[in-house]
Every structure is written in C-alpha cells, then in structure tokens.
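Note that the structure is predicted; figures quoted are calculated from it, not measured. A, B, ... follow the sequence lines: proteins, then strands. Residue 1 opens every chain.
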Amino acid sequence: MVGEKPNVASKLAQALGNYSIEENHGVKNYIVETDDEKIIIAPAVGHIFNLEQTSEGWDYPVFEVDWAPTFETSDSADYMKKYYRNLRDQCEKADEYINACDFDLEGSVIGDRVIKELGTTDESRIRRMKFSTLTPSDLEEAFDNLEDFDKGMTEAGLTRHILDFYYGINVSRALMQAVRENDRYKTLSTGRVQGPALNFLAEREREIQEFEPDPYWEIFLHNSEFRAKFHDDGDERIWEEEVADGIFSEIEGEDEAEVSNIKINNYSHKPPVPFNLTGLQKEASSQFNINPKTTQSIAQDLYEDSLISYPRTESQKLPPKIGYKNILNKLKNQENYTEKAKKVLKKDKSDNLYTKQGKKEDDAHPAIYPTGQNPGNLSKNERKVYDLIVKRFFAVFGKPAKRQSLTMTLEVNGYTFNAKSKVTKKRNWFDLYDPYVKVEEAELPELEEGEKLPVDEFEQAEKETQPPRRFSQTSIVSELEKRNLGTKATRAQVVDRLYDREFIKDDPIVVTDLGLTIAETLEEYSPEIVSEELTREFEERMESIKNQEESKEEALERARDELGETLRNFKEQEKEIGAKLVRAIDKYRDQKRKLGPCDRDDCDGTLQIIRTDNGRFVGCTEYDDCENTYPLPNNGEVTSQGEICDECGTPKIHVSRKSGNNYEMCIDPDCSTKDDW
DNA sequence: GCAAGGTC
C-alpha cells in the first residue's frame with residue numbers, strides 16, 4: 001500500500017489495526033498482518049517520479065518525454081533517494097498493490113508511478129483506495145471497499161503533467177532561443193500558471209503607466225478636537241476648481257457650525273476565520289512584511305518541529321476532533337500565552353468550546369492550528385509566524401467585538417460636513433488577537449443635535465485621482481487563488497520565479513520592461529500561454545479523460561498539433577522577437593548597474609558598476625572628465641539601495657550573498673559609518 | 001537552462 005507521504009502512511013496504519021514498524025533506508029514502513037495476508041504500508045513523498053525529455057538537445061519543439069526518479073532530475077530532491085529505495089525494496093516483495101494516495105489526480109499519478117515503475121504494470125493487480133478525509137473511520141471504510149485500478153483518473157493526471165511540460169518547456173525554450181539568435185543569453189520561462197500571473201501584473205502595470213490623474217478638491221472644517229469633510233449629497237469630491245472656490249468663499253471666516261444630525265450605529269465586528277495557507281501568508285505579509293514564500297517555508301519548519309498542524313491546506317475550518325481543550329491547556333503552560341488561553345478556557349466551562357469557521361474546505365487537512373507543544377529556540381521570523389498562528393487560534397474562539405460608529409453632520413451656511421468616528425465598546429476577540437488587531441479608533445466629543453460648535457478654520461485641499469493599486473506579492477497570490485490558477489503549494493513559488501527571471505521587482509510589484517516585453521510577445525505569438533483559459537481547457541480535457549470519453553493519446557496528439565503550429569510560427573520570427581527581448585534585457589541590465597548620482601561637486605554623472613576581467617568596481621558615466629571610483633565587495637549581488645549616505649554622500653548599495661548574509665552600506669570605504677567595521 | 005505539481 002502506497003501512501004502519499006510519511007504522515008499519511010502512519011495514519012493508514014493506525015486505521016487498519018495492529019501494526020508493527022520496519023525501517024528500511026531510514027524510512028518507516030508499517031506492517032499489518034491478518035490471517036491470510038500481510039500488508040506493507042510504504043510512504044511516497046509526493047511525486048517520486050517526474051517527467052524528463054528523452055531526446056537530446058535544447059531545440060524545440062520537444063515532445064518526447066518519459067518518467068524518471070525525481071532525485072535524478074532535480075538537484076534539490078536528494079532527500080527523496082531513501083524513499084525511492086525503500087519503495088523499490090517493498091514493491092519487489094508484493095503480489096498486489098494498493099494506491100492509497102490522496103484521492104485526486106495528483107495522488108493517482110504519485111501512486112501509479114510508484115506501482116508501475118517499481119512494482120507491476122498488470123493493472124488487474126492494482127487497487128485504489130478512495131477516501132476524502134484521513135479520519136480512521138473513513139480510512140477503514142475505504143479499505144473495506146477497495147476499488148479497481150482508477151484508469152480514468154490516472155490517465156488524466158499523467159496527461160496533465162505532460163501537457164504542462166509541453167507548453168511550459170517549449171514556449172520557455174522558444175523565448176530563450178529567440179534571445180540566443182541575437183547572440184545573447186538569459187534564462188526565461190513561462191507556463192500555464194506563470195503566463196497568466198505575469199499577464200495580470202503586466203495589464204495592471206500598463207494601466208498605471210497610462211493613467212492620467214484628474215484633479216479634484218476637498219474642503220475640511222477643523223475643530224480643536226476633530227475635522228469634518230464637506231460633502232454634497234454624499235459626494236465629497238468637487239471636480240471643478242471654481243465650484244470649490246465658490247463654496248469656500250461662502251464659508252470662509254465663519255466661526256460656528258451647527259450639529260444638524262447625529263447617527264449612531266452599533267455593530268458587531270466578527271472574529272476572523274481560521275488560517276489556511278493563503279490566509280496565513282496574507283496576514284504575515286501585512287503584519288510583518290514577510291513574503292508568502294518565506295512564510296510558507298517557515299510554516300513548513302514549524303510543522304516539522306511539531307509546533308503547528310499541516311500548513312499546506314486550503315481549509316478554513318477547525319473541527320472539534322482536533323481537541324480544542326487539550327491544545328488550549330498546553331498553550332496555557334507556555335508563559336506568553338497563559339493569560340489568553342485562560343480567557344478562552346473560561347469562556348465556556350461546560351466543554352462546549354466552538355470556533356468560528358470559514359467557508360473554504362480541504363479534503364485532506366483542517367485549517368492551520370498550533371499543537372500546543374512548547375517551542376524551543378525559534379528564529380525571529382519563526383517566532384513571529386508562530387505567535388500569529390497561536391493568537392489566531394485563540395481569536396477564532398472569541399465573541400464578536402462590539403463597535404460603534406458615529407456620523408455627525410454639521411451645517412455652515414447651508415453646506416454640510418461630516419465627521420465620523422469608530423470606537424470599540426467591548427473588545428472580546430480583540431483581546432485574544434492582540435497585538436494584531438487593526439481597527440480604527442477615533443472618538444468624537446459628545447454633542448447633541450442643534451448644538452453650536454466653534455470652528456477653528458476651513459481648509460481647501462487640491463488632490464488628484466490615484467492610479468489603480470499595484471499588486472503585492474500577497475495580493476497576486478490571492479488573485480491566482482481566486483481564479484483557480486496553481487495550487488496552495490505552488491502559487492507563492494510561481495510569483496517567486498517571476499522575480500528570479502527579473503520580470504518583476506519590488507513589493508508592491510513593479511513589472512520590469514523585460515516583463516512587459518515578455519507579456520507582449522507571448523500575447524502576440526503564443527496567446528494561449530498567457531490566458532487563464534488554458535487552465536480551464538485543461539480542466540475540461542482532464543474531466544473527459546477521467547470519464548474515458550477521450551484518450552490520453554488523443555489529448556496529447558491534439559496539443560502537439562496546436563502547439564506545434566504556434567511554435568513554428570514563433571520560430572519563423574525568432575530573430576525579430578529576440579531583438580525586441582534583447583532591447584528590454586539590455587535596458588534592464590543598464591538600469592540595474594546604475595547606483596546613484598556621482599558625489600563629486602562639479603560632476604553631473606551617474607555612478608555605475610563596471611565589470612572587468614578581474615572583478616568589478618564603481619565608476620562614473622562621465623569617465624572622460626571624472627575619475628571618481630570606488631571599490632566593490634568581490635562576492636554577492638550588488639544592487640542600488642536608491643538612497644544616499646547621510647555621512648559621505650555616496651550611493652548606498654545592497655549586497656546579497658548566496659549564504660543569505662545580506663547587508664547594506666555606502667560605497668565609500670573611508671566613510672565614518674564604517675569606523676567600527 | 002525551460003513547467004507544474006506533489007513533498008521533506
């Protein structure tokens with residue numbers, strides 16, 4: 001019996017009854033023996049097999065692919081070796097095989113590859129276990145009702161892999177080949193998820209670049225305790241200057257306003273929902289400015305240390321069977337959390353604890369929660385993310401906070417102004433989530449309708465409309481989630497790859513010229529790859545393969561035809577496409593080497609990184625007239641900090657090393673900021 | 001040197 005991962009293998013064993021453990025290559029196998037059979041439950045670790053090209057060379061199109069052990073095709077998959085070897089040993093012993101991986105396309109592929117590559121290709125000897133949660137009762141029932149080999153799902157899953165390979169590898173190669181035709185080299189990539197992700201970002205970037213702001217005016221009434229804003233039937237913005245001037249001249253000099261209306265609204269502010277991975281990533285980004293990929297890897301570490309539950313979950317639900325009380329009692333023993341844990345436990349003495357639940361579900365895992373186990377030494381960021389997870393766990397038990405909003409309408413010469421306030425009357429769950437509650441608290445003086453109020457002054461402010469907001473690393477991950485592109489485990493990685501390729505930079509995200517040019521090129525020559533429709537189409541095809549209405553080979557044949565046409569067209573215009581890409585690459589590289597203005601008084605040049613055979617240094621663009629130079633560190637990537645040193649006036653740089661040892665400094669080695677270096 | 005999807 002093959003489980004999707006070590007944890008699940010253990011759960012399968014627990015559900016099946018008495019078991020013993022046999023270790024092989026450092027991997028735990030679970031042995032369950034009955035009167036007439038012996039079951040070995042062995043874990044995979046996700047995709048133990050992966051696609052690789054079987055033909056030679058880097059040309060495209062490439063359509064010849066086959067499955068190979070992942071540790072052989074990927075440098076970072078060394079840890080899979082022992083699992084692979086164990087599966088090989090266990091598969092040799094078996095007469096029959098059960099695929100007990102997650103019941104979805106990927107699970108079907110994971111189990112199928114292990115069994116077919118290492119066990120048997122005889123499908124009559126393969127069974128499929130179908131379960132939707134990992135509870136013992138579900139697993140037991142699934143085991144008692146083993147189904148035949150799931151040909152449809154497996155074929156659909158295998159096809160999904162191959163189609164993604166076809167589209168991703170080939171179009172990526174086409175881009176790189178185009179650049180190489182122009183005698184340059186740059187790693188470029190795109191794919192079914194990367195493509196649309198870049199496209200959303202590029203569309204937004206163009207909207208921002210093309211945005212033309214409209215001016216408008218606002219008028220404020222200032223009192224010693226608050227300010228109120230002019231509005232005309234709810235509209236606070238005045239679009240013509242003459243109109244604003246007119247109103248202003250009629251109220252200017254008035255020193256009193258009358259309270260014409262007070263509206264009080266009491267409302268509940270509900271507690272948040274339990275964290276799924278995206279929710280945690282969003283909150284870690286807004287609270288600590290930690291990017292989604294880092295949060296994911298921190299969460300994985302915390303999970304491996306048994307401090308939190310499985311983090312790669314879509315679920316926003318915390319079922320009672322996780323044992324609320326037990327976890328809360330353990331948290332109570334942690335110094336930092338004693339008070340909050342007590343508060344939650346006190347809430348209901350009758351054991352009827354319940355939590356707020358979100359809408360999203362996940363078949364395999366509940367929402368993220370702390371196990372209660374006492375953490376040892378955590379890094380600074382680990383501590384932050386852990387604290388956030390614990391406090392969110394407390395918060396979901398809380399009662400809604402009681403809030404009150406107050407809108408006060410003031411009148412001056414027939415013109416109306418609004419002052420608004422929001423205050424918390426009862427904190428409830430706010431106390432459990434401190435210090436992560438972010439709500440507005442602004443109080444207004446207690447006044448009554450008809451009362452007169454002194455005015456300090458009126459203010460007329462000119463403003464302008466703002467361009468659309470940029471995506472952040474987090475909001476683009478949410479956007480992908482909303483559109484069902486990628487999965488919980490891959491979205492942050494996809495965004496990270498766009499940074500690696502230099503298609504995007506900074507956060508909030510700015511699309512580079514290279515990114516814009518790539519998006520434009522793909523839109524023109526391979527529009528399917530930047531369209532989210534490709535994913536929808538894949539989903540439909542997988543559905544029909546699953547139902548055995550279409551065969552894997554038919555689907556692949558069709559993709560080879562369609563993609564082949566696109567790629568031929570691309571290839572014909574390779575040189576021009578490449579020239580355009582090269583211009584964008586050069587422009588970006590040129591921008592990247594510019595560090596800041598030359599610090600010589602009489603020089604208007606720009607200091608930039610100069611590379612030589614022996615290394616690199618900083619020189620001035622006006623090097624005919626200006627001999628200003630500075631040394632640079634030999635190792636690490638140097639980028640401009642976009643700032644000038646207060647002490648010496650030279651540009652500040654950011655040095656990032658592969659070791660993860662990053663630092664900032666100005667480029668003058670004699671600057672007093674380095675006195676104690 | 002290229003994807004997307006699992007996972008440690």
Side-chain angles (χ1 to χ4, degrees), chain A residues 2-9 26-28 43-53 57-62 65 67 70-71 73-84 87 101-102 104-114 156-180 184-198 296-297 299-305 310-313 364-365 480 485-498 500-501 518 529 534-535 538-539 542 559 563 567:
Chain A
V2 186
E4 181 144 325
K5 54 189 167 200
N7 244 331
V8 173
V27 177
K28 279 183 185 147
V45 267
H47 287 291
I48 291 273
F49 287 86
N50 208 342
L51 286 171
E52 81 175 345
Q53 175 185 355
W58 285 95
D59 202 2
Y60 72 94
V62 46
V65 295
W67 297 86
T70 306
F71 72 84
T73 61
S74 164
D75 292 338
S76 57
D78 220 49
Y79 72 91
M80 281 189 181
K81 236 181 220 169
K82 60 179 188 180
Y83 295 95
Y84 172 86
L87 285 164
C101 296
D102 295 353
D104 54 26
L105 292 196
E106 299 307 322
S108 290
V109 171
I110 292 167
D112 176 79
R113 287 300 86 199
V114 168
L158 296 169
T159 312
R160 201 282 303 152
H161 277 257
I162 299 173
L163 288 179
D164 271 330
F165 187 99
Y166 279 2
Y167 277 88
I169 301 288
N170 282 304
V171 184
S172 296
R173 281 188 186 181
L175 289 171
M176 283 188 280
Q177 192 60 34
V179 169
R180 211 163 68 162
R184 303 298 284 281
Y185 178 77
K186 171 99 177 78
T187 305
L188 302 169
S189 68
T190 188
R192 178 174 55 82
V193 182
Q194 275 183 58
L198 178 62
Q296 185 169 340
S297 102
Q300 176 69 20
D301 289 342
L302 294 174
Y303 164 68
E304 282 167 19
D305 288 343
Y310 191 74
R312 283 192 298 268
T313 175
H365 306 281
L480 293 174
L485 295 164
T487 71
K488 59 202 179 239
T490 59
R491 289 178 194 121
Q493 292 169 21
V494 164
V495 175
D496 211 58
R497 206 168 297 157
L498 297 178
D500 275 352
R501 303 281 180 261
I518 293 280
I529 204 89
L534 192 59
T535 291
F538 274 27
E539 282 165 356
M542 294 320 109
L563 189 57
L567 294 170

- Check side chain to side chain contact (heavy atoms under 4.5 Å, CB included) between A:Val109 and all other residues, then give those that pass, not counting sequence neighbours. A:His47, A:Trp67, A:Arg113, A:Leu158, A:His161
- Query: How is A:Arg173 classified with respect to the nucleic acid when contacts are heavy atoms under 4.0 Å: base, sugar-phosphate, or nothing?
  - Reply: base
- Query: What pairs with A:Ile169 under side chain to side chain contact (heavy atoms under 4.5 Å, CB included), at least two apart in sequence or on another chain?
  - Reply: A:Val62, A:Phe165, A:Arg173
- List for me each residue that meets side chain to side chain contact (heavy atoms under 4.5 Å, CB included) alongside A:Asp305, sequence neighbours excluded, and say none if there are none. A:Leu307
- Query: How would you label the contact of A:Arg312 with the nucleic acid (heavy atoms, under 4.0 Å): base, sugar-phosphate, or nothing?
  - Reply: base
- Task: Look at all strands and tell whether A:Arg501 reaches a base, only sugar-phosphate, or nothing, counting heavy atoms closer than 4.0 Å.
- Result: sugar-phosphate
- Item | Sequence-distant partners of A:Tyr310, ring pair (Phe, Tyr, Trp, His ring centres under 6.0 Å), two or more places apart | A:Tyr303, A:His365
- Query: Base, sugar-phosphate, or nothing: which does A:Asn170 touch, judged by heavy atoms less than 4.0 Å apart?
  - Reply: nothing
- Item | From CD (A:Glu539) to CZ (A:Arg160), nearest 0.5 Å | 11.5 Å
- Item | Any residue meeting ring pair (Phe, Tyr, Trp, His ring centres under 6.0 Å) with A:Tyr84, in chain and number order, not counting sequence neighbours | A:Phe49, A:Phe71
- Base, sugar-phosphate, or nothing for A:Thr190, non-hydrogen atoms under 4.0 angstrom? sugar-phosphate
- Taking the nucleotide of DNA chain B with the closest heavy atom to each, which residue, A:Gly191 or A:Tyr310, is nearer the 5' end? A:Gly191
- Task: Using a heavy-atom cut-off of under 4.0 Å over every strand shown, decide if A:Thr490 touches base, sugar-phosphate, or nothing.
- Result: base
- Message: Heavy-atom nearest nucleotide on DNA chain B for A:Gln493 versus A:Met176: which residue maps closer to 5'?
- Response: A:Met176
- With a 4.0 angstrom cut-off to heavy atoms of chain A, pull out the first and last contacting nucleotide of DNA chain B, in 5'-to-3' order. B:dG1 to B:dC8
- Task: Would you indicate what A:Leu105 reaches in the nucleic acid, counting non-hydrogen atoms under 4.0 angstrom: base, sugar-phosphate, or nothing?
- Result: nothing
- Query: So what does A:Gly107 touch, heavy atoms closer than 4.0 Å: a base, only the sugar-phosphate, or nothing?
  - Reply: nothing
